[in-house]
Amino acid sequence: MGPPAAVGLWVEHGGSRGLPRRSGAGLPPGTAEEGTSTSWHGMLHFVSAGIGFIGLVAACFVLARRFADADRRGWAMSSRTTAVVFLAAFLALAASGGRVWANLTFTAAILLAWAWLSLISIHFYGAATRPSAA
């Protein structure tokens, strides 16, 4: 995908995992048990995760186009479906204020995205290890 995607994934990986999502439950240390607002590091968590999630959706659409051009309709459809479902679940999570249904929907979308990523990785690994016909 290139250097911009690699930088985006690096920012997302370091930013969202290194920062607590929201203040409360004693995190970060010194915070009350019941947080009422999002802290600055919570906002950075959401921003960096958003960068990574947008990168995932973009990758799904880029690969969908590539598969469509190669007349691989199943792969193209699964890539588009993953992109749309993941984006919808992410937007629902962002708009819901942390409601349980949105968290469960987003969890299902994450599982779908990981399954898609695993299958795509297997597909391209198999293509890369096959000897070319000479």
Side-chain angles (χ1 to χ4, degrees):
M1 282 203 229
V7 170
L9 290 175
W10 179 80
V11 167
E12 185 276 332
H13 179 72
S16 68
R17 284 162 185 79
L19 300 165
R21 290 178 292 141
R22 64 174 81 171
S23 58
L27 293 173
T31 304
E33 286 295 315
E34 296 177 9
T36 57
S37 65
T38 302
S39 63
W40 66 267
H41 34 73
M43 287 306 292
L44 286 178
H45 172 91
F46 290 129
V47 168
S48 61
I51 291 168
F53 296 155
I54 290 168
L56 173 67
V57 170
C60 288
F61 282 123
V62 166
L63 288 175
R65 176 65 182 238
R66 179 178 173 177
F67 287 129
D69 289 346
D71 202 30
R72 295 186 166 250
R73 293 182 184 146
W75 282 108
M77 181 59 73
S78 68
S79 297
R80 280 189 212 104
T81 302
T82 300
V84 170
V85 168
F86 191 85
L87 182 60
F90 177 61
L91 293 175
L93 181 68
S96 73
R99 300 208 193 283
V100 173
W101 67 267
N103 284 323
L104 292 175
T105 302
F106 189 62
T107 300
I110 288 173
L111 293 174
L112 173 65
W114 276 106
W116 174 82
L117 184 60
S118 297
L119 292 171
I120 288 292
S121 297
I122 291 167
H123 171 77
F124 284 120
Y125 177 77
T129 58
R130 285 187 217 118
S132 61

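Summarising the geometry, atom CG belonging to Leu112 is positioned 12.5 Å from atom OG1 belonging to Thr107; distances are rounded to the nearest 0.5 Å. Atoms OG and CD1, on Ser79 and Ile120 in that order, are 4.5 Å from each other to the nearest 0.5 Å. To the nearest 0.5 Å, atoms CD1 (Ile110) and CG (Asn103) are separated by 9.5 Å.
Connectivity analysis of hydrophobic side chains (ILVMFWY, heavy atoms under 4.5 Å, direct or indirect) links Leu104 to Val100. Under the 4.5 angstrom side-chain criterion for Ile, Leu, Val, Met, Phe, Trp and Tyr, Met77 has no cluster partners at all.
Residues Leu63 and Phe124 have side chains in contact (heavy-atom distance under 4.5 Å, counting atoms from C-beta outward). At least one side-chain heavy atom of Phe61 sits less than 4.5 Å from a side-chain heavy atom of Val84.
Considering every non-hydrogen atom in both Cys60 and Ala83, the closest pair reads CB-CB, 3.4 Å. Heavy-atom minimum distance, Trp75 versus Leu119: CH2-O, 3.5 Å. Across Ala68 and Ala76, no two heavy atoms sit closer than the pair N-CB, 3.8 Å.
Grouping the Ile, Leu, Val, Met, Phe, Trp and Tyr side chains by contacts below 4.5 angstrom, directly or via other members, places Leu87 with Leu56. When hydrophobic clusters are built by joining Ile, Leu, Val, Met, Phe, Trp and Tyr residues whose side-chain heavy atoms come closer than 4.5 Å, directly or via intermediates, Val57 is grouped together with Phe67.
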TODO: Verify side chain to side chain contact (heavy atoms under 4.5 Å, CB included) between Leu93 and Phe46, making sure each step is shown before the conclusion.
DONE: CA-CA 11 Å; Leu93 181 68; Phe46 290 129; over 6 Å; no
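When Trp114, Phe106, Trp116 are each tested for a ring-ring contact (aromatic ring centres under 6.0 Å, His included) with Phe86, only one passes: Phe106.
Under the rule for a side-chain hydrogen bond (donor to acceptor under 3.5 Å, both in side chains), Thr82 has no partner lying at least two apart in sequence or in another chain.
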